[in-house]
Amino acid sequence: MDKMTKEQRHRCMASIKGKGTKPEMTVRRFLFSRGFRYRLNHPRLPGHPDLVLRKYRTVIFVNGCFWHGHDNCRYYVMPKSNTEFWRTKIERNKARDKAEQQKLAEMGWHCITVWECQLKPSVREQTLESLAYTLNRIYLDDRKPIPKPYIMPQEERQMVAEKGIGEQYKK
């Protein structure tokens, strides 16, 4: 049974914002302090990712565990009231997230999802450091020089079993 009236619950749920949340601000502050520059909620990309790092061809989604249905997370608990509504809503959110990330991957973007539970104080530093490491790896991997295949000159292409290989040295 819910402890709040229907109007109180409606007001509480309506006041939850989608942009500029505390987990998102934590990630933004960390990335900016490390020298990463980004754009917020790019309107031309599918899903309007929370952070877009063009230099790294990477988008970052900072997801709330409840709203995006983080599996096997203690912060994702299905409400006891109006369960069917919440189940369909969260399943729609998960399906939409998956489709948007697929579209972004087809466009050549790397997608990173940071969950709210990964930004709790006990694991925050490890999560953020691994995010910076991942971004640097993406940058370096994308800029690796592509080795040219070695093409042997025509004079050196004689097979070992051909006549005349050692004849030039016999004189």
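The basis for the numbers below is simple: all heavy atoms, side chains too, and nothing from hydrogens, waters or symmetry mates. Keep in mind that this is a model prediction, so the values were computed, not measured.
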Does [X] have any ring-ring contact (aromatic ring centres under 6.0 Å, His included) partners at least two apart in sequence or in another chain, and if so, which?
X      : value
Tyr38  : none
Trp109 : none
Trp86  : Phe66, Trp67

Checklist line | Pairwise side-chain hydrogen bond (donor to acceptor under 3.5 Å, both in side chains) hits with a residue in residues 53-62, at least two apart | finding: Arg57-Asp142
Check: For the side chain of Glu116 and the backbone of Cys65, is there at least one donor-acceptor N/O pair under 3.5 Å apart?
Finding: yes
Got a list of side-chain donor-acceptor pairs under 3.5 Å for residues 25-34, not counting sequence neighbours?
from, atom 1, to, atom 2, distance (Å)
Thr26, OG1, Lys22, O, 2.9
Ser33, OG, Arg29, O, 3.4
Ser33, OG, Phe30, O, 2.7
Arg34, NH1, Glu129, OE1, 3.3
Arg34, NH1, Glu129, OE2, 3.4
Arg34, NH2, Glu129, OE2, 2.5

Checklist line | side-chain hydrogen bond (donor to acceptor under 3.5 Å, both in side chains) partners of Lys103, counting only residues at least two apart | finding: none
Note to self: Once side-chain hydrogen bond (donor to acceptor under 3.5 Å, both in side chains) is applied, do any residues pair with Asp71, and if so which ones, sequence neighbours excluded?
What the structure shows: Lys94
Set of residues satisfying side chain to side chain contact (heavy atoms under 4.5 Å, CB included) with respect to [X], sequence neighbours excluded:
X      : value
Gln126 : none
Cys111 : Val59, Gln101, Leu104
Asp97  : Asn63, His68, Glu100
Phe85  : Asn82, Lys89

Notebook entry, point to check: If you link I, L, V, M, F, W and Y whenever their side-chain heavy atoms are under 4.5 Å apart, who else ends up in the same group as Tyr133?
Noted result: none
